[in-house]
Amino acid sequence: MKAYLQLVRAPAALTVLGDTVAGAAAAGNPLRGRRLLLPLSSVSFYWAGMALNDWADRALDAVERPERPIPSGRISPEQALAVAGGLTAAGLGLARAAGGRDTLRIALPLAAAVWAYDTVLKNTAAGPAAMAACRTLDVLMGGAGRQAVRTAIAVGGHTYGVTALSRGEVHGATTKTANAALAGTGITALAAATGARTWRDRLGALAFTGVYANTVGRAQYDAAQDPSATRVRVATMAGIHGMVPLQAALAARRGSLLGAFAVAAALPVAKALARKVSPT
């Protein structure tokens, strides 16, 4: 069981729960009833992507990360691929049950984007954009339409920066890449902190944006000063965890303070579990 938890980076899925919450808040359609299945659909797609990532990288991991489940022999490539396929099917089924055909129309390209990223695009120049597309679509799965576009772009932009920087986890990154990720975090923070309709929503958005900027920005600043593999890994983990206060800020900005606090509650749990199973 521990090997499978490591394969899918299980605790990191807590950082994806808020995508559909933020999207739903932006669209003015908070998650209720069957739509509460949407965060579980997001988790299924996230776990599928992690399993597929290790399947696709099994030869490289045998050299660079031999402790991972597949190169260490604890899970076979066939088992990992089956996990990825099963979780993808579960994600589609949950999306269909939560929102019918309209939601499935977004879940299908989301599933396709996950598979395209891991099997074809990850190591190309289009890799960060493909990962950003996955998270953008995940937000839109919670709330499609013009109102949710700004929220989806904010999450996608953050994802792009984290993904681009994460490429230096093994051999280090460049100062230019780390500075670009840091600048992107600043732009994302500005988008999350502005545009609230009431003073209460504005306060909530500002508070969660402050947590986001401190969590992500400080680690990325350190990586910009010293873009070594160690600093980049720390910044990548901070970027993954920083998704939670970002989602909370975006939900609060659109008036869903209850949803924002529910999402934010995942952050301390994710950080605690990350000490047992690495999210990167």
Side-chain angles (χ1 to χ4, degrees), residues 1-24 31 35-57 68-69 75 79-95 97-98 103 106-107 110-111 113-115 117-118 122 131-142 152 155-156 158-159 162-163 166 212 215-216 236-248 250-251 259-260 262-280:
M1 180 57 68
K2 184 176 181 180
Y4 281 104
L5 293 176
Q6 291 173 338
L7 178 73
V8 300
R9 322 288 196 278
L14 291 169
T15 67
V16 82
L17 290 171
D19 281 355
T20 51
V21 175
L31 300 184
R35 280 171 53 77
L36 288 170
L37 293 173
L38 285 175
L40 298 181
S41 176
S42 298
V43 169
S44 295
F45 287 132
Y46 190 93
W47 281 347
M50 292 296 100
L52 188 62
N53 172 82
D54 279 18
W55 175 82
D57 283 356
R68 280 186 168 177
I75 291 178
Q79 288 172 319
L81 189 60
V83 168
L87 286 168
T88 301
L92 291 171
L94 287 165
T103 302
I106 299 174
L110 170 57
V114 170
W115 280 72
Y117 171 78
D118 279 324
K122 179 172 55 180
M131 177 58 79
C134 293
R135 294 303 288 252
T136 300
L137 287 167
D138 198 36
V139 173
L140 292 176
M141 191 166 67
V155 173
H158 169 75
T159 304
V162 173
T163 305
S166 72
Y212 164 71
T215 299
V216 182
T236 299
M237 187 175 294
I240 293 171
H241 289 156
M243 189 69 76
V244 176
L246 173 60
Q247 294 158 342
L250 292 166
V263 168
L267 182 58
V269 180
K271 285 186 174 181
L273 292 178
R275 291 192 286 270
K276 298 182 180 295
V277 178
S278 174
T280 69

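The first residue in the sequence is number 1, and the count goes up from there.
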For residues [X] and [Y], report the shortest heavy-atom separation together with the two atoms involved.
| X | Y | result |
| --- | --- | --- |
| Gly239 | His158 | O-NE2, 2.8 Å |
| Val216 | Gly242 | CG2-CA, 3.6 Å |
| Val263 | Gly18 | CG2-CA, 3.8 Å |
| Ala80 | Ile75 | N-CG2, 4.0 Å |
| Ser166 | Thr163 | OG-O, 2.7 Å |
| Met141 | Ser41 | CE-OG, 3.6 Å |

Min side-chain heavy-atom separation [X]-[Y] under 4.5 Å:
| X | Y | answer |
| --- | --- | --- |
| Thr88 | Ser44 | no |
| Leu7 | Met50 | no |
| Val16 | Arg135 | yes |
| Phe45 | Leu137 | no |
| Asp138 | Val155 | no |
| Leu81 | Leu52 | yes |
| Ile240 | Arg9 | no |
| Arg68 | Asn53 | yes |

Please round to the nearest 0.5 Å and tell me the distance separating atom [atom1] of [X] and atom [atom2] of [Y].
| X | Y | atom1 | atom2 | result |
| --- | --- | --- | --- | --- |
| Asp118 | Met131 | CG | CE | 6.5 Å |
| His241 | Leu14 | NE2 | CG | 8.5 Å |
| Leu17 | Leu40 | CG | CG | 7.5 Å |
| Thr136 | Asp19 | OG1 | CG | 9.0 Å |

**Request:** Let me see the working for Asp57 and Lys122 under side-chain contact (heavy atoms from CB on, under 4.5 Å), right down to the final yes or no.
**Result:** CA-CA 10 Å; Asp57 283 356; Lys122 179 172 55 180; 2.6 Å; yes
**Request:** Take Thr103 and Leu38 through the test side-chain contact (heavy atoms from CB on, under 4.5 Å) and record every step on the way to the result.
**Result:** CA-CA 9 Å; Thr103 302; Leu38 285 175; 3.6 Å; yes
**Asked** With sequence neighbours left out, which residue pairs that include part of residues 79-92 fulfil the salt bridge (Lys or Arg N to Asp or Glu O under 4.0 Å) condition?
**Response**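 As it turns out, there is no salt bridge (Lys or Arg N to Asp or Glu O under 4.0 Å) pair with a partner in residues 79-92 once direct neighbours are skipped.
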**Asked** Which residues pass the side chain to side chain donor-acceptor pair (under 3.5 Å) test with Thr159, sequence neighbours left out?
**Response**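 Result, side chain to side chain donor-acceptor pair (under 3.5 Å) vs Thr159: none returned.
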